[in-house]
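Letters go in sequence order (proteins before strands), and every chain restarts at 1.
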2 protein chains.
Amino acid sequence: MRTLKYAILGLINREPMTGYDITREFNSNNLANFWYAKHSQVYPELGRLMEEKLVTCEVVIQGEKLEKKLYSITPEGKAQLLEWLMKNEPLEATPKDVFRLRMYFSDFMTPEELKNQLSLQLEKHILKKKYLTDIMHENHHDQAPAITTPEFGDFMVLEGAIMREESYIAWIQNCLARCPEEEK
Amino acid sequence: MRTLKYAILGLINREPMTGYDITREFNSNNLANFWYAKHSQVYPELGRLMEEKLVTCEVVIQGEKLEKKLYSITPEGKAQLLEWLMKNEPLEATPKDVFRLRMYFSDFMTPEELKNQLSLQLEKHILKKKYLTDIMHENHHDQAPAITTPEFGDFMVLEGAIMREESYIAWIQNCLARCPEEEK
DNA sequence: GGAGCCATGTAACATGTTACATGATTAT
DNA sequence: ATAATCATGTAACATGTTACATGGCTCC
C-alpha cells in the first residue's frame, strides 16, 4: 500500500518541505483528522523516496550552521502521485474503533455503568466537534474555497471530519435513548 | 493498549470458543465493522493469555482425531475485562482514511477526475450501507433487543455502522454538490 | 542563561499482513 | 473422490509507537 509514501509526496507536491515540516503537517488541524505519522517514521521514508528518485533534496543553512533538508518532488514522483490519486480500489477495511468494541460487550456492564460510559464519550465528541467547527470558522468562514485550490481539499476533509463527529454524537444519543430510565 | 487481548477476552466471556471461532467472529457481520484480526494474530495472543492465566484451555476431539482447543475465561480474565470496559481514556486518535487523504490532494486532479473519484466512492458506500441494513433487517427486524443481552451490543454497533455509512454518503454528496457544473 | 522550539536521526518494541505449512472433517 | 471448510500454527515482512540521542536557533 505504502500510503505514507503518497501522503509525503502529496505534501511535497504542494511545496518543498523539510521532514520537520511534514511531521508538523501530520499533526495539524487538517491532515491529522485522517492521516498522521511521527517523525521517526517520516525521516526513514524520506530516505526511501530519495533512493527511489521520487524526491530531491537541497540542504539549506538556517542561521549560522543549522542544516535543513528541503525536499522537492521529481517528475517521476508527480507521475506516481497522480497514478495513486486516480486509483479505483475496493473499499478499505472499516476503521477499528475501541469504544465501539467496548459497547459490543456492554451486556457485561451494569446499565448504570453503560450509561455512564456513553455519557463520557458523548461529552468528548461534543468537544471535538466544537474544536473542529471553530477551525472551520477561522480558516474558511464556512465558505467553500474554489475547487482546484489546495484550500478546497482542506475544506472538504474538515467538513467531513465535522460530519463524522455529528454522526458519532447522534449514534451515542441513540444508544442512550435506548437505555432504560433510572429507577427512582 | 493490547486491544486484541480484550477483544478476545470479551468474546470468550460470552461463551467458550476456539481460536478458529474467534477468527470467524472477527470476520463476521457485526464485529468486523469495528474490530478484526487474522488467525495468525489470534493464535499467538491466545498463547499469551494462557501464560497470563486469563483463559484456560480444554482439548476437545472433533470426529475421529481432530483436536480443537476450547478456551474459557478465568475469574482474573473477567476482572481485567471489566476493568477495561470501565475505563475513561481520552479520545483515540482519529481513524486514518486513505480516500480522505486522496481528496485532500484533489487540486492535483482535474475537476472531471475528482468528480469521477467521488462518484465511484459514493457507489461503494451506498452498497455497503445496503449490505448493513439488510443484516439489520435479518438479525433484528429493526427492533432494539433488551439491554443486558449480548444482542443489544450487536444491535448498537450495527446501528452505528449504518449511521457511519450514511454520514460518509452525505459527505461525498456535499463534495459533489460543490464541484462546478459540466461545461455545456 | 534558560525555556521552548527547530531540526534530524536511530533503536527497540508492538501491532498487523501475507505467505508458508499441515492435516482432518463434511457435504456433494 | 474432491472441494470447501474446519482447525492450528510459524516466518517474514510492513507499519506504527515510544524512547533514546544530539545539537542549533530564538525569544525572554
Side-chain angles (χ1 to χ4, degrees), chain A residues 1-8 11-12 16-28 31-32 34-52 55 57-71 89-90 92-98 101, chain B residues 1-8 11-12 16-28 31-32 34-52 55 57-71 89-90 92-98 101:
Chain A
M1 226 116 329
R2 304 226 17 222
T3 309
L4 180 60
K5 160 180 163 176
Y6 296 104
I8 292 176
L11 284 176
I12 295 180
M17 283 188 181
T18 67
Y20 191 87
D21 294 331
I22 291 165
T23 306
R24 195 176 340 83
E25 287 295 316
F26 280 145
N27 294 286
S28 71
L31 243 177
F34 49 89
W35 206 265
Y36 45 85
K38 310 281 165 82
H39 76 274
S40 56
Q41 227 185 332
V42 170
Y43 290 117
E45 186 65 35
L46 281 167
R48 270 179 92 176
L49 293 174
M50 280 295 289
E51 276 176 39
E52 297 172 292
V55 298
C57 165
E58 188 199 353
V59 176
V60 176
I61 304 292
Q62 186 87 339
E64 279 292 291
K65 49 181 167 171
L66 179 63
E67 291 189 353
K68 293 207 289 191
K69 292 184 176 176
L70 197 63
Y71 291 93
E89 303 240 296
E92 293 173 82
T94 202
K96 289 188 175 182
D97 185 326
V98 177
L101 181 61
Chain B
M1 231 113 329
R2 305 225 17 223
T3 309
L4 180 59
K5 161 181 163 175
Y6 297 103
I8 291 176
L11 285 175
I12 295 180
M17 284 188 179
T18 66
Y20 191 86
D21 293 332
I22 292 165
T23 306
R24 193 176 341 82
E25 287 296 315
F26 281 144
N27 294 286
S28 70
L31 244 177
F34 49 90
W35 206 266
Y36 44 86
K38 310 282 164 81
H39 76 275
S40 56
Q41 226 183 333
V42 170
Y43 290 115
E45 186 64 35
L46 281 168
R48 271 179 92 175
L49 293 175
M50 279 296 289
E51 275 177 42
E52 296 172 292
V55 298
C57 166
E58 187 200 352
V59 175
V60 175
I61 303 292
Q62 186 87 341
E64 279 293 291
K65 50 179 166 174
L66 179 61
E67 291 190 352
K68 294 207 289 190
K69 292 183 176 177
L70 197 62
Y71 291 92
E89 304 241 294
E92 294 174 81
T94 201
K96 290 188 175 184
D97 185 326
V98 178
L101 181 60

- With a 4.5 Å heavy-atom cut-off, do B:Y20 and B:K68 have their side chains touching? no
- Do B:I61 and B:E67 pass the side chain to side chain contact (heavy atoms under 4.5 Å, CB included) test, and can you show the C-alpha distance, the side-chain angles, and the key distance before you say yes or no? CA-CA 5 Å; B:I61 303 292; B:E67 291 190 352; 3.6 Å; yes
- Message: Whether A:K38 engages the ring of A:F26 as a cation-pi pair (distance to the six-membered ring centre under 6.0 angstrom, angle to the ring normal within 45°) should be assessed.
- Response: no
- Message: Using a 4.0 Å heavy-atom cut-off to protein, can you give one letter per nucleotide of nucleotides 23-28 of chain D, 5' to 3': B if the base is in contact, S if only the sugar-phosphate is, - if neither?
- Response: BSS---
- Message: Over the length of the helix from C:dG1-D:dC28 to C:dT28-D:dA1, how much do the five-pair end axes diverge, rounded to 10 degrees?
- Response: 30°
- Nucleotides bounding contact with chain B, strand DNA chain C, heavy-atom threshold 4.0 Å: C:dT15 to C:dT25
- Item | Non-hydrogen atoms of B:L101 and A:A7 that approach each other most closely | CD2-CB, 3.8 Å
- Query: Are A:D97 and B:E92 close enough that some pair of their side-chain heavy atoms sits under 4.5 Å apart?
  - Reply: yes
- Task: Looking at every strand, decide which applies to B:K68 at a 4.0 Å heavy-atom threshold: base, sugar-phosphate, or nothing.
- Result: sugar-phosphate
- Going through the checks in order, is the side chain to side chain contact (heavy atoms under 4.5 Å, CB included) test met by B:I22 and B:L31? CA-CA 10 Å; B:I22 292 165; B:L31 244 177; over 6 Å; no
- Query: Rounded to the nearest 0.5 Å, what separation is found between the CD atom of B:E64 and the CG atom of B:L66?
  - Reply: 11.0 Å
- Query: Heavy atoms, side chains only, cut-off 4.5 Å: are B:Y71 and B:M17 in contact?
  - Reply: no
- Message: Taking any heavy-atom pair under 4.0 Å as a contact, classify B:K96: base, sugar-phosphate, or nothing.
- Response: sugar-phosphate
- Quick one: does A:Y6's side chain have a donor or acceptor within less than 3.5 Å of a partner on B:V98's backbone? no
- Message: So if I apply the side-chain contact (heavy atoms from CB on, under 4.5 Å) rule between B:I8 and each of B:T3, B:L49, B:V55, which one comes out positive?
- Response: B:L49
- Starting from the 5' end of DNA chain D, give me the residue, B:K69 or A:K38, whose nearest nucleotide shows up first. B:K69
- Message: Over all strands shown, is A:T18 touching base, sugar-phosphate only, or nothing at heavy-atom distances under 4.0 angstrom?
- Response: sugar-phosphate
